[in-house]
Amino acid sequence: MTEEFPALYVVPTPLGHLGDISQRAIEVLRQVPWVAAEDTRHSAPLLRHYGCNARLLAAHQHNEEGAAQQVIGRLALGESVALVVDAGTPAVSDPGARLVARVRAAGYRVIPLPGPCAAIAALSAAGLSEAHFLFYGFLPAKAGQRAEALSELTHLPYALIFYEAPHRIVDTVAALAVAFQPTRTLVLARELTKLFESVHACALGAANDWLLADANRQRGEFVLLLSGAPPVSNDLEGERVLRLLLDDGLSVSQASRLAHAITGAGKHALYQLALRWQA
Ligand code: SAM
């Protein structure tokens, strides 16, 4: 292996399909003496499948600080460590970030290997045309907190990406339908890379009915992707601001000049509109 030693290697593992692991990831897993795993019982058979005989240490969300010290101890002895989670990329809605920070702070190299990530796999098949996306991960489980979190996202022009578990999928889609315009596109990417993989796109307003029409559609692991807020038309926004300014007592010329400056809508058109409204 041409990799540098000692280092902490961050190694993505398959979401489901065992073929979804890079050649380099397999080489790293075969050569490191230690693997820090979110769930050692879960990862042990997977690691054996790839011919990895490393010793395992547990690194989950409840022991990350202690695990970091163990990892740093191994690195100090010149032994490299690979970090894995149950599926996908460590530190993406999964433990790993704190451990990585401690290892970096201790002066050791952290080497990321690119690989499976449910959000990116889903995005690649979603067909959403936004140039930008915002990865949100899991929304809060409690309805009130979830609604509040969503209210902060409604105007963003980016595709939004959420993770969701099967027991909350119906509630979460219903919450999205309350918070966002029903005409926005929702893509439900389910069981990616697995036997019952499906990627379904529909209007957000139709998503709940689609989910409820077949209980199988609610099973498995989900990535939800929502198209971004449509751009607010300059003209409509200009008219809205013009109305407010006129109602506030500004003159036709002041109101149209300010509405133009604020929204970029055409100054002349705003002026003419203001004259008509005031006539
Ligand atoms: N670190 C992982 C990654 O890189 O994607 C994410 C782990 S997070 C604890 C688990 C969530 O990821 C699931 O609840 C689901 O939202 C999403 N997920 C994981 N595997 C998936 C799959 N095969 N299909 C769809 N979503 C999946």
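First listed ligand is number 1; within each ligand, the first listed atom is number 1. All figures in this text were calculated on a predicted structure; none of them were measured in a lab.
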> Just one of Leu242, Val241, Leu245 clears the side-chain contact (heavy atoms from CB on, under 4.5 Å) bar with Leu258, so which one?
Replying inline: Leu245
> Checking side-chain contact (heavy atoms from CB on, under 4.5 Å) against Pro90, which of Leu113, Leu99, Val100, Leu83 comes through?
Replying inline: Leu83
Report the nearest protein non-hydrogen atom to [atom]: residue, atom name, distance rounded to 0.1 Å.
atom	value
atom 9 (C) of ligand 1	Ser93 O, 3.2 Å
atom 26 (N) of ligand 1	Val223 CG2, 3.5 Å
atom 7 (C) of ligand 1	Asp94 OD2, 3.1 Å
atom 11 (C) of ligand 1	Phe138 CZ, 3.6 Å
atom 3 (C) of ligand 1	Tyr163 OH, 3.5 Å
atom 15 (C) of ligand 1	Phe222 O, 3.3 Å
atom 25 (C) of ligand 1	Glu221 O, 3.2 Å
atom 2 (C) of ligand 1	Ala87 O, 3.4 Å

>> Between ligand 1 and Gly16, can you find any atom pair, the residue atom being a heavy atom, that is separated by under 4.0 Å?
In response: no
>> Quick check on Phe162 - does any of its heavy atoms sit under 4.0 Å from an atom of ligand 1?
In response: no
Of the side chain and backbone of [X], name the one, both, or neither that has a heavy atom under 4.0 Å from an atom of ligand 1.
X	value
Thr89	both
Pro12	neither
Lys194	side chain

When only distance counts, is [X] in polar contact with ligand 1, meaning an N/O pair under 3.5 Å?
X	value
Pro90	no
Glu164	yes
Arg190	no
Val92	yes
Leu192	yes

> Does some side-chain heavy atom of Leu224 sit less than 4.5 Å from a side-chain heavy atom of Ile169?
Replying inline: yes
> Does Glu130 reach the side chain of Ser227, with side-chain heavy atoms less than 4.5 Å apart?
Replying inline: yes
> Under the salt bridge (charged side-chain N to carboxylate O under 4.0 Å, His left out) test, which residues partner Asp247, sequence neighbours left out?
Replying inline: Arg243
> Hey, what's the ring geometry for His200 with Trp210, parallel, tilted or perpendicular (30° and 60° as the breaks)?
Replying inline: parallel
>> Using a 4.0 Å cut-off to any heavy atom of Cys117, which atoms of ligand 1 qualify?
In response: 4 (O), 5 (O)
> Numbering the atoms of ligand 1 from 1, which are under 4.0 Å from a heavy atom of Glu191?
Replying inline: 23 (N), 24 (N), 25 (C)
> Under 4.0 Å between a Lys/Arg side-chain N and an Asp/Glu carboxylate O for Glu27 and Arg24?
Replying inline: no
